[in-house]
Amino acid sequence: MAHPNRRDLGLLVLRAGTGAVLAAHDAQKLFGWFGGGGVEGTGKAMEAMGFSPGRQSAIAAGLGEAGGGALLALGLATPAAGAAAAGAMAGAVSVHAPAGFFAQGGGYEYPAFLGFTAAAIGVAGAGRYSLDHVTGHVLDRPWVVAVAFLSTALAAAAVVGRRAQGRAAPEPDPEQS
């Protein structure tokens with residue numbers, strides 16, 4: 001069995017790294033930092049990807065990534081943070097899935113990895129070096145894990161399903177009008 005301090009230190013490194021990547025990725029969406037489109041540009045891109053309304057979809061995806069990432073890094077409300085980030089990544093996976101698995105070809109490898117990592121942290125917990133530990137794990141209870149992941153799974157399924165239905169609907173023929 002691993003030494004508890006090593007396990008907790010490993011969770012801290014994993015949380016901080018994953019949270020920072022998610023937050024930076026999101027800063028492109030919400031703020032236009034690091035060459036991103038900001039809410040307006042991301043909203044237009046979301047519309048083009050089939051997420052409607054685009055602006056609200058950009059904000060929701062951004063908050064799931066930024067909020068989930070920041071909370072993961074802090075180790076606060078870890079189950080909800082992991083679930084939120086995983087849900088946001090489920091939407092990204094749906095966009096990249098037609099290109100296959102590998103990121104090199106535009107596939108879903110990278111968002112799937114971030115989603116699985118966030119989910120694993122949410123299920124495992126933040127460890128001792130976290131705000132969850134400092135607060136006595138008030139927001140890290142077994143029922144929180146169940147509610148957070150069930151809620152996120154339902155919301156992600158609804159969003160991805162709605163996108164799929166919208167993309168499958170035939171475009172109206174302007175000559176028929």
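Start at 1 with the first residue, then count along the sequence.
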Listed pairs under 3.5 Å, donor-acceptor, residues 68-89 side chains, sequence neighbours left out:
unit_1	atom_1	unit_2	atom_2	d
Thr78	OG1	Asp132	OD2	2.5

Val39 versus Arg55, closest heavy-atom pair with distance: CG1-NH1, 2.9 Å
Quick check: closest heavy atoms across Ala61 and Met46, and the distance to 0.1 Å? CB-CE, 3.9 Å
Determine whether a donor-acceptor pair (N or O, by modelled atom type, separation under 3.5 Å) exists between the side chain of His133 and the backbone of Gly127. no
Which heavy atom in Gly106 sits nearest to a heavy atom in His96, and how many Å separate them? O-ND1, 3.0 Å
Would a single hydrophobic cluster contain both Leu63 and Phe31, if residues Ile, Leu, Val, Met, Phe, Trp and Tyr are joined by side-chain heavy-atom contacts under 4.5 Å? yes
Let me see the working for Tyr110 and Val21 under side-chain contact (heavy atoms from CB on, under 4.5 Å), right down to the final yes or no. CA-CA 11 Å; Tyr110 179 66; Val21 167; 3.0 Å; yes
Going hydrophobic residue to hydrophobic residue with side-chain gaps under 4.5 angstrom, can you get from Val160 over to Val95? no
Just verifying a value: how many Å separate Met49 CE and Glu47 CD, rounded to the nearest 0.5 Å? 10.5 Å
For the residue pair Ser57 and Ser52, what are the closest heavy atoms and their distance? OG-N, 3.9 Å
Pair Tyr129-Leu11, side-chain contact (heavy atoms from CB on, under 4.5 Å): steps then yes or no: CA-CA 8 Å; Tyr129 306 127; Leu11 283 168; over 6 Å; no
Which pair of heavy atoms, one from Phe34 and one from Ala27, lies closest together, and at what distance? CE1-CB, 3.9 Å
Nearest 0.5 angstrom please: Leu22 CG to Thr18 OG1, how far? 7.0 Å
Could you measure the distance from the CD1 atom of Ile121 to the CG atom of Leu14? Nearest 0.5 Å is fine. 4.0 Å
Hey, quick one: are Phe101 and Val93 part of the same hydrophobic cluster, counting side-chain heavy atoms closer than 4.5 Å, chains of contacts allowed? yes
When every non-hydrogen atom of His25 is compared with those of Lys29, the smallest separation belongs to NE2-NZ, 3.2 Å
May I ask you to decide if Gly91's main-chain N or O and Ser94's side chain share a donor-acceptor pair within less than 3.5 Å? yes
Can you find a pair of side-chain heavy atoms, one from Leu12 and one from Arg128, that are under 4.5 Å apart? no
For the atom pair CZ (Phe51) and CZ (Arg162), what is the distance rounded to the nearest 0.5 Å? 10.5 Å
Roughly how far, to the nearest 0.5 Å, is CD1 of Ile59 from OG1 of Thr42? 10.0 Å
So, taking the atom named CD in Glu109 and the one named CD in Gln104, what distance separates them when rounded to the nearest 0.5 Å? 9.0 Å
Quick one: side chains of residues 136-144, donor-acceptor pairs under 3.5 Å with protein atoms, not counting sequence neighbours, listed by atom name and distance.
unit_1	atom_1	unit_2	atom_2	d
His137	ND1	Asp140	OD2	3.4

